[in-house]
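Notes to accompany the following structure.
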Amino acid sequence: MAKPAKMLGELLGGLFTKPATVLYPFERLEVPPRFRGRIAYEAASCIGCKLCMRDCPSDAIRISKYEGGSFLFAFVSARTGERKLVEIPNNAKKRHRARFRLSRCIYCAQCVESCPKKCLRSTDQYELAVLGSNIKPPKR
Amino acid sequence: MAQVTIPLGPQHPALKEPGNFLLTLEGEKVVGAKVRVGYNHRGIEKACEARTYLQDIYLIERICGICSHAHTTCFCMAVEELAKAEVPKRAQAIRVLVGELERLHSHLLWLGVAGHEIGFDTLFMYVWKDREHVMDCLELVGGNRVNYAINTIGGVRRDIAPEMKTELLKRLDILEERTKYYVEVGTQEPTLLARCAGVGMLPKDVAIRLGAVGPTLRASGVDMDVRRDDPHLLYGELDFKVITSDRCDVLGRVIVRVLEVLESVKICREVLNNLPEGPIAVKVPRRIPPGEVVTRYEAPRGEDIHYVRSNGTEKPDRVKVRAPTLANWASMAHMLEGGRLADVPITIAAIDPCFSCTDRATIVRDGVWGTLDLHSLRRRS
Amino acid sequence: MKKAMEKLVTWSRIKSPWIIHFNSGACNGCDIEVLDALTPRYDLERFGVLLKGSPRHADVMVACGPVTRQVRKRLVRIYEQMAEPKFVVAVGTCACSGGVFDGCYSCEGGIDKAIPVAAYIPGCPVKPEAVIDGVVKLLTSLQK
Amino acid sequence: MEEGIKKGLEERFGAAVSNVVIPRPRRMFADVPREKLLEVLSHIKDKMGFTHLSTITGLDAGDHLEALYHTASKTVSLSVRVKLPTEDPKIPSVLSVYPGAEFYEKELEDLVGVVVDGLPQGRRYPLSEDWPKDEHPLRKSWVKAG
Amino acid sequence: MESLAPSAFSLLVFPGFLFLGAYGTLAQWVDRKLYARMQRRVGPPWYQPVADLVKLLAKETIVPQAADMAVFQLLPAVAVAAACTAMLMVPVWGPGAVVSFQGDLIAVLYLLTIPTATFFLAGWSSTSPYAAVGSVRALTQLFSYEVPLFLSVIGAAILAGSLSVQEIAAFFAARPALLAVNLPGLCVALLALQGKLERVPFDIPHAETEVVGGPFTEYSGGLLALFLAATDMEMVVGAALISAVFLGGSLGLTGAAGFALFVAKTLGVVFILALMRALMARIRLEQMLGFCWKILAPVALAQILADILIKRVI
């Protein structure tokens, strides 16, 4: 049998209760402990076996041998999303370097499991938005 | 009244995904419907042959966002059957749990979208507000809201910790109480009844003849559910009811899906309360012995069937996926004809189409248009 | 006077970005997360964002999915029908670079292979907060 | 249950239905020559309750092509396999028995290059219109250019 | 009776264009905010409609080649003009309306129909199939809600014994008890207004999931801004008309108090419209025709009968 204005109680209730909205940029929802966000690489214990490269479904990780003083690193500001090339001095006894192509990575964390030396881990970063280089100035 | 042909899609607010329907109208009445889908054809099957089994899991998981677990479970069961690996009981229980949570996630999502299709945005907002509980559970268990990637060949990747169990049970109680409210709304709200009753009729014999699957079939009175007919994982030992309704229309599908949500909540509780002990995965060699296997799984939208053929190497020789939505397209054309233009979005939404599942590609031929002269002018910018 | 007008227009563009959603062959994981951003828990409407049906009404196109060969023509046509000034936000790893499907015979990689992209939001699928974060970053970049 | 079906098939069709295999409960495979396909399918549909055609798998097994018709009754899933020579891959359409199989057969035609006669010509499915006619992606010989 | 020629000030500023535009955006914000809060959402900030308007004005306006240029660009202006002139005849500040003559009730109702006609022409002149189907729907819907609206308003006019909105308001201001008589008429008028403004459950021409943007699919930039402004103004004029005819206008108060009462009443009507929008799903066209003719029209007729009887009693 039909009951007109079925959701009336729910709607009027809505007017007097706090909205169920999390004001995102100001209030943040805490991410569960085993969330699969951006992958972090810890160079010291990496032996360069490339098992992670073999198991990556979207070919997003590159492990390469590395000597030399310093290297360029495309730094993306988490706040504004601009890209800047930054020179990072390499003083640590690093023998391997991992290059993650974040636009290809699907954050499945299979590499974290395939790594025998456990030098990869998932972080809880998910705000990885980057501005494209060719924003056309809006013509009036 | 002259016939006019109106394209619906591929980019259209009613369709979350690209699919195209060329509707021939007489006034508001739909007299002809041609279904064209497959804009999401990405050639996954060929890509599967170029990747190892382990990588294929993540490729197959991304066939469809809402039934990702269905596809990976089906694929892993196939590979485990080929490799004759004995999956531990606890892993199967966790697979059933995540599978049922995904059914909750998919059905609640559908109820919201169906509300949006008939202009009932309040229902869309409320149902999706409560669906956040299921998303939190899945994120807690799987680490990601939609692609939970809990399956691996030989078992599952993550275990259910005790404190997780209490959190899951708390969320399930809230969900059950809210779903009971939506059962009432779905069966009593007069405008929703007016828009869903008697729309998109699919009689029982036509449903069987055209090979419909899942809730669309069960809403036409056919009592088929792969979980009970062809029991896989632990479904043989769980007792649950298969919901059917013999209304054969969109309202029947609403009722079947909402009651299935309640049923899934019961199953989740049952699995959580007596979770078998033991390991969660077993080691499976990278090379799978040659052979072929067919596995079936009850995805939220219906029977999902995988055929995997291996040739002894670490890459499959052929992977065939037929997702549930593809089986429902034939009955979709039948349901559309005879209805009205206003009913088309809700009828399409009623089979809960997942175009990316359909995985097929077709193009509308731009030259063919209706007879009415005004409408033969294409939209031009 | 001209300066004030300019500031007012930029302010209005930042405060009322109407979006149109286009799925170019995605697995609809990102699509439901974009829609999820409109629902009560994240509520994009408090930023003035409205989901519009017609490309004419929209400013920002939110595109998900690797551009499959069949959808490419539609994607370009919808982009052309949008009124200036328009921006494209590539949502999800598939939209940024084709992701897992890059290399499939029917996929052409990211959205930027078909239309110019203003912001990329990686993630598989992106969290609704990441969608908001991306849109906010794009809009604040308009300030300059 | 499966034994009964196996015996029933062998009685009815004798040599036509060869190497019926039952790998596990509720799964069956059977080979059928191309000419007998329609007859076998309509028999198992009407007499043995295999009312549902799940899908049709087309594959390139190196020296020959194969088309597997996965049918399902209430509990058992029977896959009927038809071996086709690569040079003459013609097969009758099963739309008369299973009207819902139009998309499966178009897929068979497009991806594996099996010519299905009796299939109503319409838009290409699943490949796009501008895809070259004679290229079939799921053939082993086909490699993605570039 | 003031002179018939309204001064430029009242035409352009007070109850005319500027006031109506500002009040329209306020009404739109109240409507969207209430709608969002009822859905447990936060809803847009107060300046949202202004931002939308300015942004749309600053956007590029695309006119389809196949469309008839002049008609396509002129229609939004006609819609806004109709809504503004209708506002002149409705009392806003105190009991008096700017222009008031015997029969201005009919003029207001007629002017409120023009925007719907412009929607039809807009949809028909832009050649998109969606716009065409949307515009045909707008017209068919016009015939369903127009008659009950007229009947219910005429009922109140009969009771008040005059066809001028100002006098009706004054009549009921003097005898507030009689307002109770017109309650069914009020409900019919509210539902019919919801139909006129093409809002859920009657937003069939704009049904986003069926015909994309409906008549407005092809409009963008400035023209779209004008159309949306016209719809807002129509909402304000409708709400003001209902508050004048059914709720007794400003109950004799003048000056700031009268204006405050006017704002309270119109926002009350906007609240009920927003509630209706949140409460129901969109019904089909033939269901709407059935609902309007089988339910709304008879109730309005009964209302007129009751008014005639009561007229004879007092």
Side-chain angles (χ1 to χ4, degrees), chain B residues 9-20 38-48 50-51 55 58-59 61-66 68 105 109 112-113 116 121 124-132 135 139 144-147 149 354-357 360-364 366 379-381, chain C residues 20-36 38-43 45 51-56 61 63-75 77-78 80-83 92-94 98-108 123-128:
Chain B
Q11 192 279 333
H12 192 279
L15 311 169
K16 293 204 302 300
E17 304 158 75
N20 186 283
Y39 292 87
N40 283 3
H41 182 67
R42 295 150 283 190
I44 288 176
E45 285 156 8
K46 185 72 176 179
C48 281
R51 287 173 166 77
Q55 288 173 327
Y58 299 103
L59 191 60
E61 182 182 34
R62 280 152 180 79
I63 286 179
C64 154
I66 325 172
S68 58
H105 153 56
L109 177 139
V113 168
H116 175 65
D121 278 346
F124 169 72
M125 291 296 175
Y126 270 92
V127 170
W128 279 47
K129 170 172 77 68
D130 294 321
R131 181 175 146 258
E132 287 301 318
M135 306 297 271
E139 195 172 34
N144 185 312
R145 283 162 59 97
V146 176
N147 291 325
C354 175
F355 298 91
S356 36
C357 270
R360 297 292 173 269
T362 351
I363 284 272
V364 61
D366 297 336
R379 181 161 64 157
R380 276 190 303 278
S381 62
Chain C
I20 177 169
H21 165 257
F22 189 86
N23 170 332
S24 57
C27 74
N28 78 29
C30 293
D31 307 310
I32 44 179
E33 292 298 85
V34 166
L35 277 178
D36 214 35
L38 297 166
T39 54
R41 190 176 192 182
Y42 303 101
D43 191 16
E45 201 184 347
L51 183 64
K52 281 294 170 185
S54 153
R56 292 275 192 277
M61 171 196 259
C64 329
V67 183
T68 57
R69 195 182 162 110
Q70 304 74 10
V71 163
R72 181 193 169 83
K73 212 158 41 124
R74 265 102 196 116
L75 179 64
R77 208 171 103 199
I78 294 286
E80 277 154 11
Q81 283 179 0
M82 284 167 72
T93 303
C94 293
V100 185
F101 303 113
D102 201 16
C104 293
Y105 60 83
S106 171
C107 289
E108 293 181 12
C124 183
V126 289
K127 273 174 81 76

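Every chain is numbered from 1 and lettered A, B, ... according to where its sequence line falls, protein lines coming before strand lines.
- Using a 4.5 Å heavy-atom threshold, the side chains of B:H105 and C:I32 count as touching.
- Of the two parts of B:N144, only the side chain, counted from C-beta on, holds a non-hydrogen atom closer than 4.5 Å to a non-hydrogen atom of chain C.
- You'll find the side chain of C:R41 stays beyond 4.5 Å of the side chain of B:K129, heavy atoms only.
- Comparing C:D36, C:V100, C:L38 by heavy-atom pairs within less than 4.5 Å of chain B, the highest count is held by C:D36.
- Of the two parts of B:E139, only the side chain, counted from C-beta on, holds a non-hydrogen atom closer than 4.5 Å to a non-hydrogen atom of chain C.
- Heavy atoms of C:C124 lying under 4.5 Å from chain B belong to its backbone as well as its side chain.
- In this structure C:D102 satisfies the side chain to side chain contact (heavy atoms under 4.5 Å, CB included) test together with A:R104, sequence neighbours excluded.
- Applying the side chain to side chain donor-acceptor pair (under 3.5 Å) test to C:E33 and every residue at least two apart in sequence or in another chain returns B:R145.
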